[in-house]
Every structure is written in C-alpha cells, then in structure tokens.
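Report on the following structure.
All residue numbers refer to positions in the sequence shown, counting from 1.
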Amino acid sequence: RPLRDEGAGGDGRVPAGSAGGSPTGADGDSRAEGSPSSSAEGSPVSGEMTPTRGRRPLWPLTTNLLHEPAGGPGNVMFFRFHAALLVWATVGFLVFLAVAMVARREVVMLGMREASNPRDLCRVVSWGHRLQTSVKSVKVGFCFFLYLFTTIGTLCLSFWQQRAYKALSASRSTMQDFAAYATGLPRLPGTMPVEMELSSFFQQATQQNVVGASVCWDIVEQGAEIIDILEEQLMPPPPNEERGTQSVMEQKGLRWRVFGIFDWVMLRVLEVPMYKHAADRPDPAKLARELETTPFAWIVFETESARDAAVRRVQAEGGVAWRGATLRLETKEAEPESVRWRDLGHPIERRYWRISVGFLKVCTAIAFWTLFIYLPNVMFQMAFQYDDVHQSPNGWMMFILSYSVTFANIGLASLCAYISEDTGLHFEEEKEALFMLFFFFAGIFNIMWGTALTAWAAYRVMIGANAHTYGGVPLSEVQGLEAIYETYPIQKILGYQIVGSAYPATFLSPFLLEPILTVWLPYHIMVLIVRSNPALKGARAMKALAIMSPMSAGRYGDLILNVTTLVLVLFVPMGWILPLFGGFIFSHLFIVFWDHYRVLRCVPSFHFENPVLARLALKLLSVPCGLMSIAIYLNLNCEAGGSMCMKGSAFWLTMFMVFSVHCVVHIFLLRRITLYFSGRHAERSTPTQDVGFPEVSRKTASSWFTTNPAFCLRSKYVYKHDPPCGYLVRGQEHLLRRSPQANQYFEDGAVETETYY
C-alpha cells in the first residue's frame, strides 16, 4: 500500500491504501503520506534536501483530520464540512426538544399515534388536528430558526473553509505551484521531440527558467496498454517465472469452467490485462512513436515566481505563436494526480453529448425502478379490503418500501459514477463534481417520487378506510392538491413514508454495507483469485488486489442528500422531528468515524487539492435551505388572521418563487465570499516563493512527469533517458530511480507494511 510520497520534506498527502497495489494492509506500502516521521507538506522547503531511505510510518489513527492535510487541503475541508453538519443537526435536535418541553410535551407524539379501527382513527384525527393547530406558531418559529441558522451557518462555513484553504495553500509548496497550463497546441506526431521543443520555446518566449514540458498525448485508446507496460517494467515478474506466455484467463479444469466468468468480470473491473500470448503485447517503442499530441501541455518552471511571471507575460501578449498555432498559458488549481491523462484526448465538445446521454440513462433507471418496484408495491397495498374487514398491510410492506429506496439510491450512485467516468472530463475534480450533481438530484428525485407514489397509495388507503377530516368532511370529497395535503390524515401518513425512506434506509444502511461490500469482501475474493491463478503475478497481482472503492469527494453528495431528506420532516407533523434528527446524528457519527478510519487505513492513495468540490457542496445546500423556506410559506399560508392566502395556480407559483429566490441569493452570497478570498491571496514567505522544483520533487513522488504515462514511455523509448522517468505506482514509490535528465528527483526507501484482515 502506498504511504508517504516524500523523503525528509513530506508532502502532506495521505495514501492510506494502494492504488494499483494491494489494499490497505496488504503486503505493500501502507503508510500515509505526510506521516509524522517527516515534516508535513505544509512546511516550506528550503535548502538542500536529503531523502530518507528508512521505513516511513503510517498516520496514527488519532490524527486530527480537521487540521492535518492528510489527503490534501480538500480532505480537511471535507471533514470540516461533515463536522459542521453534525453540529447543525445537534443544535436543531436540542432546540426543538427545548421548545417542545416549554410549549406542549404532546408535540413529540404528534403524527405518531396509531388507530386500530375507524372510531380510533376519528379520535386520532381530531386530537392531531386540534394539537397541530394550537402549536402551529411553534412549528413556524422552529422552521424559521432552522432556516436562518442553516443559511447563516452555510455562509459562515464558506468563509471558514476558504480561509482554511488559503492558509494551507500559502504554507506549502506543491507541484501546482510550478506548472502553467498551456492550451492551443497543434496536432503533432510522437516522432518529434515535442517536450524539448516546447521547453526551449517557452524559456525564450518568457525569459524564465523552464524545467520541462509534460505534454498531454492522446492515449484514449492506448492508455491501458501503456500503463500496463510501465507497471510491468517497474515490477517485473520474478526471474525464474516465464513472462507473458500465459493468459490470465487461459486456464483449464473444473474451477475455471464454473467460476471463469466471475474471474473475468472482477479482473475487467480492476483493469487487469489479460493478454493471451507475449505476441499480443504492443511494441512499446512503436507505441511511443505513434502517439499524437492533444491541444494541452503542462509547462513546468523552476520556481513559482518564474511561473507567475511567465503567465503574466503570455497573457499580456494575448498568447504566443508556435508552429502555426497560438499558445496560451494559465494557472490551474490542480495537482498531477488530479489530471486524467487518459481522457485528455477527448474533445471538450464530447462532454456535453455524454452528459445528455447520462441524463437520459438516469431517467431510464428511475423509470425502470418505478415500473418494477414502486408501482407493484403500491398496487399490492391498494389490493387490501380496508373498508370491509379493515385488513391492511403489515410492517413488512414498509420495510420493503424503505429498502427499495435504499437499493435504488445505491444503483443510482453506481450509474452516476459510471456516467461521470465515461464523460471524458479532464480533471478528477470535474468528474467528482459531475457525480455530485447527478447523484444528488437523481437521489432527491428518487426519494420524492417514491414518497409521492406511496402517498397517493396512502390517500387511496385512507379513502378505503372512510377517513374524515377534522370538520367531518370525507377525505374523498376534499378538492385540490393543497387542500388534501393540509389534512391531518394525509400529513400523518406522509410522515410515516418520509421517515421510512430516510432512516435507516437512506441515512445508515448504505454506509453499514459499504465496508463489507466495497472493501472486505472484494479483497478476499481477489485473494482467492490471485492465489488460484498462476498467471497473476508481479504487476498483475498488485492491480488485482487494488481496493475497488477509492476515497471519493462524491461523498459530499451522500451527505447533502441526507440533509435534504432530513429537511422533508418539516412538511409533516412535528412528532417525527426528534426521531429523524436523532437518527441523522447517530448515522453521521458512524459515517464520520468510518470515513476517518478508511482515509487512514483502507483507501488507495489520494490527494484533494482543489477546493471546487467544497464550494459546490455549499452551493448545493441552497436546496435544503430553499425547502425550509417553502415549509415556512406552507405554514403561514391561509393562517387565521393572516393577510396571505394563496390558492390554485397562485399557490404553486408563489411556492416556486420562494424556493428560487432563496437559491439565487444563497448562491450569489457564496460566490461573493469566494471572490473575496480570490482577490486576497494569502502572502507567502520569501523562502516558499523561492523554492525550486528539484527541491520539492526530491520529497514528492507524484510530479508532472511521473504521473504522465505517455511521458514515462517516451522517456525510455524516444529520449533514451538512463534511467528513464519511472511511472508512479502507489505502494511502489521506492522503485522510482533518480533521473535529473528526465526531471525525476525522488528516491526513497520501502514503506512500513501491515496485515490486512
């Protein structure tokens, strides 16, 4: 498992696990980057650095991830966001409990009393309506408090997050400080020394020292083959093993006839190469010469100040001409690990088509789940003879409905992850942001659509039970959707549906299954496959044992979906507020402890540098805040003594306007906070500004050259570097060899290992 990526300096990143290597705790590098034996990435680098060749320890489990940049500044912002949600829910729980105790204690039972027969149902409706009417001001006050507390708290959290990011960014030297993003390159063949020409050109054009150029080559089709070649060169099979003559799937016997297809699926998911014979492997030298450039490249300068001066000069000139094309430079908040080198060959226009196709796929999935899960469940409930013998569905129906939402959300998450991966976005942050948007809105629509269907079924059930409103009007005679919603029987049954969809189905169950289904079970299955397949050795075995579920910033989507689901409790009787807030707090305590453990012990190496995902998460909180404003509007509409009473289309139009105005103002204010910090760059000390690329590269395995598979291939077969630039395989950083001519300065010893159960 990969751990630290640096020598004495430390880069503050946490690979707690293996990417392309064995999972956390498997025989491999299992220390977290930036672990205590070295200074964190947060410390400026100055002077000559001597790499440490000893064992590097793991981050301790007591590491405070609210402050330590384990996994990068973006990971600190994620855990602070999660901590803020827990504080928010706890305050909401305690405030409502205090209000209920001061007002009327019966409030905590409102909407939860059961009725065993029609007479009891009338009594429950009468009691509930009178109590709900008498304490409506309490609910309005709580909704208004929660709305203000959430909105103002979101703005304060944004300010705190931006300030923390600027402080962390200002105190550290990372690879992004030296690189400028060049766009507009013409299409050039791999037979040309493009990297050398670009380096010389920009050095002359900007009058700044250029370390090198890392060109983004079009490897959409050949990416997997190139990475496989580089990994096997870095980790060749043992000398006594015949190499490449046996296919991973070319086996015989009962075990292969029965389980061969299962092996094939698992190995395909993990992208383990399955060549049949050595002749099937591509020729690396030919592959390097057949590549073509994309319009993009990273120009790496010797210092950050040189990079900034070069960007200013090129932008002032409106670009520089090179080989018939106009090249432009810009800075990007991106680290080498966040660049999706294999997708840079996809044209930018392709993403819009793929996103549209992805949207249709999500709609199709929801339609499929509606037709084959929700509707059969609804029809089954309506098949009971409520009016004759008072036969009704038992608790199993609620259980089935609840967990149909759980598995629908799990399926939607998998589909959204596939869509975001398939879109061909150029940076990991873009991919994660797309996943967040798709999953959040798909999850919300799925929950609300499922709730609406079951509410309609409940409405038919109540009519079958001959339910009446408080005024004695049969429920079947109530006209208008808003009037039906305002009746106590419907609000009562809506409360059951929302709570059943939320806890534990949405809040807890998926996260209880996650450690088993995404870490423990896949690893032990792959152990059996590797153990029984003689063709899986060396780099193939390492890749086969990689953890299938990496740390993903898409976790923001899970958290915001839970918050939005929790806010729906404001639309039903108040008795459900305490149970659902309590369930949210308990569930998120488990989630935060699990995330803490998996970051430090059971995910592949990762580094979140760009704050764009934390900013997007705060903007998405405008949705639950907007729902709170709707809840306030619904409780104030047509109140006795009030001046506002909307009916029909005016009611729905006003509700839409209330939600939209809040979201627009909310996002505008967050944008202003971001611009405020963008205009006030934290001042860096002179030693940090003057740190050179070689000094940072000595302590950081991940660079613009070691993460670029095409550059590593060309280093060996085009430029004939000796030694060539090694390709970074997490867990195997100690196999990289220093090569100044290839701009690779990192060298270090093997890492501490641990036993993985």
Side-chain angles (χ1 to χ4, degrees), residues 84-113 127-157 451 482 485-488 490-499 501-503 507 560 562-588 621-642 644 654-655 658-659 661-663 666:
L85 292 186
L86 279 170
V87 171
W88 168 80
T90 303
V91 170
F93 179 90
L94 294 177
V95 167
F96 183 79
L97 181 62
V99 169
M101 293 300 102
V102 171
R104 294 183 64 175
R105 296 189 177 184
E106 296 96 325
V107 166
V108 298
M109 292 298 298
L110 188 59
M112 301 175 67
R113 284 190 175 178
W127 171 83
H129 178 83
R130 285 185 284 107
L131 180 59
Q132 184 165 266
T133 303
S134 64
V135 297
K136 179 164 279 192
S137 59
V138 175
K139 185 173 184 180
V140 171
F142 177 73
C143 290
F144 192 70
F145 162 78
L146 196 64
Y147 170 73
L148 288 180
F149 179 63
T150 309
T151 303
I152 296 173
T154 301
L155 298 176
C156 293
L157 178 61
T451 301
E482 65 273 19
Y485 162 75
E486 289 171 359
T487 60
Y488 179 77
I490 292 301
Q491 289 204 11
K492 179 177 181 295
I493 200 67
L494 270 176
Y496 277 102
Q497 304 294 349
I498 289 174
V499 172
S501 299
Y503 183 82
F507 291 174
I560 302 170
N562 285 357
V563 171
T564 307
T565 306
L566 175 61
V567 168
L568 294 178
V569 78
L570 301 179
F571 294 85
V572 298
M574 289 185 288
W576 294 110
I577 291 178
L578 284 182
L580 208 54
F581 267 78
F584 180 92
I585 294 168
F586 173 76
S587 301
H588 280 249
L621 283 179
S622 63
V623 174
C625 290
L627 291 175
M628 293 179 205
S629 66
I630 291 178
I632 296 172
Y633 163 70
L634 289 177
N635 282 281
L636 292 177
N637 188 47
C638 295
E639 270 296 286
M644 180 181 65
T654 305
M655 186 169 66
V658 167
F659 178 81
V661 168
H662 169 84
C663 290
H666 186 116

Neighbour count >12 (heavy atoms, 6.0 Å) for atom OH, Y633: yes
Rounded to the nearest 0.5 Å, the CG atom of L110 sits from the CG atom of L131 at a distance of 5.0 Å
Using every non-hydrogen atom in the two residues, find where A631 and C143 come nearest and quote the distance to one decimal. CB-SG, 4.4 Å
Between F145 and V91, does a side chain to side chain contact (heavy atoms under 4.5 Å, CB included) hold up when you go through it step by step? CA-CA 11 Å; F145 162 78; V91 170; 4.0 Å; yes
Distance col, row I630:CD1 vs N635:CG, nearest 0.5 angstrom, shows 12.0 Å
Say you draw a straight line from CD1 of I498 to CG of L580; how long is it, rounded to the nearest 0.5 Å? 8.5 Å
Would you please classify the geometry between the W88 ring and the F584 ring as parallel, tilted or perpendicular, with 30° and 60° separating the classes? perpendicular
Say you draw a straight line from OH of Y147 to CG of L627; how long is it, rounded to the nearest 0.5 Å? 11.5 Å
Got F571 and L494 here, is their nearest side-chain heavy-atom distance under 4.5 Å? no
Tell me the closest heavy-atom pair linking H662 and C625, and the distance in Å. NE2-CB, 2.9 Å
When rounded to the nearest 0.5 angstrom, what is the spacing between CG in L85 and CG in N562? 9.0 Å
Considering all heavy atoms, the nearest G575-M112 contact: O-SD, 3.2 Å
Nearest heavy-atom neighbours spanning F142 and F96: CE1-CB, 3.5 Å
Could you give all pairs that pass the side-chain hydrogen bond (donor to acceptor under 3.5 Å, both in side chains) test and reach residues 573-586, with sequence neighbours left out? none
Can you name the nearest heavy-atom pair linking F507 to G583, along with the distance? CD1-C, 4.2 Å
Using 0.5 Å steps for rounding, measure from the CG atom of L97 to the CD1 atom of I577. 11.5 Å
Kindly indicate whether the side chain of L146, heavy atoms from C-beta on, has any atom under 4.5 Å from the side chain of L570. yes
Heavy-atom nearest pair, K492 first then R113, reads CE-O, 2.7 Å
Neighbour count above 12 (heavy atom, 6.0 Å) for F586 CZ: no
Going by the salt bridge (Lys or Arg N to Asp or Glu O under 4.0 Å) test, which pairs reach into residues 131-144, not counting sequence neighbours? K136-E639
